[in-house]
Amino acid sequence: MGGAAVTHPNPYVDYARMDDLHDLQEPATESPFELQFILLSQVKELLFRMVQLEVDQARARVREDRPEAACRALSRAARHQRTLVGCWESMNAMPVDEFLGFRDELGEASGTQSPVYRLLEFTLGNRGAAMVRRSDFIRFPRLRAELERPSLYDEVLRHLYRIGLPVPEHVLSRDVTVPYEPDRAVEDVWATAYRSPDKYRSAYELAEHLLEVAYQFSRWRATHLLVVERMLGGKRGSGGTDGAAWLRKINEHRFFAELWTMRSAL
Ligand code: HEM
């Protein structure tokens with residue numbers, strides 16, 4: 001704590017370093033909308049971190065074969081995700097001409113480069129070295145470390161095996177650093193739990209909580225796409241993709257794929 005903070009303490013400001021927080025935004029223009037854009041981007045980054053912390057907790061509880069505790073963490077994650085989706089309301093308050101007024105200042109900056117967003121995806125189970133720039137693996141070592149750990153979904157499938165469900169060996173021993181390939185036998189395992197929810201209560205409850213997290217993630221992506229269409233139409237993204245068209249493909253991805261596809265078999 002320096003100078004004024006020592007001579008004029010303010011416990012609220014000093015505890016969470018609120019003055020530093022309000023010094024973190026450096027808009028390149030005078031536009032109050034650019035300041036709000038940066039503020040909202042920072043709010044979302046922090047919320048991604050909140051979600052990741054809960055997903056990490058859920059994974060630890062699943063490893064301990066404590067599915068009820070994992071469900072509580074997933075419920076908390078979904079609450080933060082709903083707040084994240086709500087943030088798009090504030091972003092939509094920005095008129096398109098105001099956005100275009102400072103858009104060039106972004107240069108090549110794009111959400112695709114968000115390490116915490118990728119960390120969250122990796123933790124949940126959407127992963128692969130190709131999703132992150134090599135330089136980011138060096139700058140943010142947690143990303144590489146996360147890729148080498150089993151994801152939440154990997155741990156869930158191992159847990160299902162331990163409680164007696166027939167998850168195949170090749171799924172249990174898969175290379176966790178590469179993208180997960182949906183598996184027919186895993187789809188059958190989930191379908192079994194859904195056909196007899198009383199018999200497989202804990203697996204069923206876990207599935208429902210996972211699905212809610214996956215659902216909220218897809219809602220965030222879908223709303224982001226709408227905001228992008230509203231702000232950019234068909235223009236290219238600052239990160240170099242063809243913008244909305246690229247995001248539409250990303251929107252097809254589902255976390256915990258078999259939890260979605262097994263519904264056709266019910
Ligand atoms: C006016 C507001 C926004 C526009 C027009 C916009 C536009 C885009 C576009 C076009 C992409 C595709 C990649 C590229 O070429 O850049 C993208 C990706 C992305 N954006 Fe945004 N974005 C906006 C706000 C935000 C905010 C506030 C966040 C969160 C902090 C965010 C997070 C992301 C993420 C995480 C991706 C990568 C998605 C993925 O790889 O799954 N965006 N954005």
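Whatever order the structure lists ligands and atoms in, that order sets their numbers, starting from 1.
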| task | May I ask you to list the atoms of ligand 1 that are less than 4.0 angstrom from any heavy atom of Gly243? | result | 10 (C)

| query | How are the rings of Tyr180 and Tyr153 set to each other: parallel, tilted or perpendicular (split at 30° and 60°)? | reply | perpendicular

| query | Which part of Leu40 is near ligand 1, with near meaning a heavy atom under 4.0 Å away: side chain, backbone, both or neither? | reply | neither

| query | Can you tell which of Ala245, Gly111, Gly239 gets a heavy atom nearest to atom 35 (C) of ligand 1? | reply | Gly111

| So Trp220 and Phe217, would you call those rings parallel, tilted or perpendicular, with 30° and 60° as cut-offs? | perpendicular

| Would Arg263 count as a cation-pi partner of Tyr194, with NZ or CZ less than 6.0 Å from the six-membered ring centre and within 45° of the ring normal? | yes

| message | Salt bridge check, Arg158 against Asp154: does any charged N sit closer than 4.0 Å to a carboxylate O? | response | no

| Using heavy atoms and a threshold below 4.0 Å, how should the contact between Trp88 and ligand 1 be classified: side chain, backbone, both, or neither? | side chain

| remark: Note: ligand 1 atoms sitting under 4.0 Å from heavy atoms of Ser41 are 27 (C), 30 (C)

| request: State which residue, out of Arg254, Glu121, Arg118, fulfils the side chain to side chain donor-acceptor pair (under 3.5 Å) condition with Asn126. | output: Glu121

| Which atoms of ligand 1 sit under 4.0 Å from any heavy atom of Ile250? | 41 (O)

| said: I'd like the name of whichever of Leu47, Val228, Leu225, Leu100 reaches closest to atom 7 (C) of ligand 1 through any heavy atom. | reply: Val228

| query | Does an N or O anywhere in Glu45 fall below 3.5 Å from an N or O of ligand 1? | reply | no

| note | atom 32 (C) of ligand 1: of Trp220, Phe48, Phe99, Phe33, the nearest heavy atom sits on Trp220

| request: Specify side chain, backbone, both or neither for Glu229, according to which of its non-hydrogen atoms lie closer than 4.0 Å to ligand 1. | output: neither

| query | According to the interplanar angle, ranging from 0 to 90°, do the rings of Tyr117 and Phe48 count as parallel (below 30°), tilted (30 to 60°) or perpendicular (above 60°)? | reply | perpendicular

| query | Do Phe33 and Phe102 make the cut of ring centroids closer than 6.0 angstrom? | reply | no

| Any idea which of Arg236, His224, Arg221 brings a heavy atom closest to atom 22 (N) of ligand 1? | His224

